[in-house]
Number of protein chains: 2
Amino acid sequence: MQTNQASKIFEALSSDVRLDIFRLLVRYAPGGLVQGDIARELGIPSTNLSFHLKAIVHSGLVDVEREGRFMRYKANIPLMLEIVAYLTEECCSGNPEACQRFRDASPARHILPRRLD
Amino acid sequence: MQTNQASKIFEALSSDVRLDIFRLLVRYAPGGLVQGDIARELGIPSTNLSFHLKAIVHSGLVDVEREGRFMRYKANIPLMLEIVAYLTEECCSGNPEACQRFRDASPARHILPRRLD
DNA sequence: GACATATATCAACTGATGTTGAATTATCAA
DNA sequence: TTGATAATTCAACATCAGTTGATATATGTC
């Protein structure tokens, strides 16, 4: 992963609308959702939804495919995992005890990386 | 974590410059770095660095404290962990096998969440 | 082919972001 | 208190992002 790709991915997650969309698709992975489902679920007008979906797809975080007259969107889970790894890379370099303490103290403990590194 | 706070955090990571800064500070956690160190390490002019540091601090992802005439910046690792949890929450809801497969297939396997939830 | 539905594109506007150089403030050291 | 260094603020500019309504395209159904 390169800084430039990573920052584009974070940019895709930097609007409320797109973050809601992405998290919805994460929940519905691996099957994905059709655009109309997303619109209904989140109450976003179709014009605006098209705009934001295009942005997320462009970042690579979401994939699309046509399905008749519907467009099906699926979260790119492998890329999501990669970017988590990229962000946490070499955390507390040379001080694994400090790093372990951070994880132990987190309320999200149970879903955190085994190591951050 | 609320969508709005989360999207602001991702916005803080959505520029190359800020992402480089943050990852540098993650590496140097928990001690942090002084602004001049960051400037030297990344080659960013001081005016611009001030601008971006202010933005990251405002997001909560980084903390500052004065240290004589220096400003020391430290990555907020607990918040970083929280946002990773937020992003991956309820991944593949109702299909834990699919989720496990994603993790097993990832080249970043060793640093990924135990479960994505 | 004609119609209905799903989605995309376009134009327009508003407001925010990133960068730079010059000037300013704050702190330490002599 | 003077000078040196660290960091911030300011003004100016260029660029880009988000939203909306109107219009266009694509696909399935009759």
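Lettering follows sequence order; numbering is per chain, from 1.
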Whole angstroms only, please: what is the [atom1]-[atom2] distance between [X] and [N]?
X     : N      : atom1 : atom2 : value
A:R40 : C:dA6  : CZ    : P     : 7 Å
A:L33 : C:dA6  : CG    : C1'   : 15 Å
B:H58 : C:dA16 : NE2   : C1'   : 14 Å
B:I21 : C:dG18 : CD1   : P     : 11 Å
A:Q35 : C:dT5  : CD    : C1'   : 12 Å
A:F51 : D:dG18 : CZ    : P     : 5 Å
A:L53 : C:dT9  : CG    : P     : 12 Å
B:K54 : C:dT25 : NZ    : P     : 15 Å

Between A:D20 and B:T3, is there a side-chain donor-acceptor contact under 3.5 Å, judged purely by atom types and distance?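 Yes, a side-chain donor-acceptor pair sits under 3.5 Å.
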Is the distance from OP1 or OP2 of [N] to the nearest side-chain N or O of [X] less than 4.0 Å?
X     : N      : value
A:H52 : D:dT19 : yes
A:R18 : D:dG18 : yes
B:R66 : C:dT27 : yes

Report the residue (B:S14 or A:L49) whose heavy-atom-nearest nucleotide on DNA chain C is the more 5′ of the two.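 Final value for this comparison: A:L49.
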So, B:R23 and A:E90, do they make that salt bridge, N to O below 4.0 Å?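 Here B:R23 does not pair with A:E90 in a salt bridge, since their nearest N and O are not under 4.0 Å apart.
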A:D104/A:R101 salt bridge by N-O under 4.0 Å criterion: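 Salt bridge flag = no for A:D104 with A:R101.
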Go through C:dT9, C:dA4, D:dA4 for me and flag the one nearest to the A:R69 side chain.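 Closest of the options to the side chain of A:R69: C:dA4.
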Residue mapping more 5' on DNA chain D - nearest nucleotide basis, A:V17 or A:G68: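 With A:G68 and A:V17 compared, the 5'-side residue is A:V17.
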State whether the number of non-hydrogen atoms from other residues, nucleotides or ligands found under 6.0 Å of A:E67 atom CD is greater than 12.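 Check passes, neighbour count above 12.
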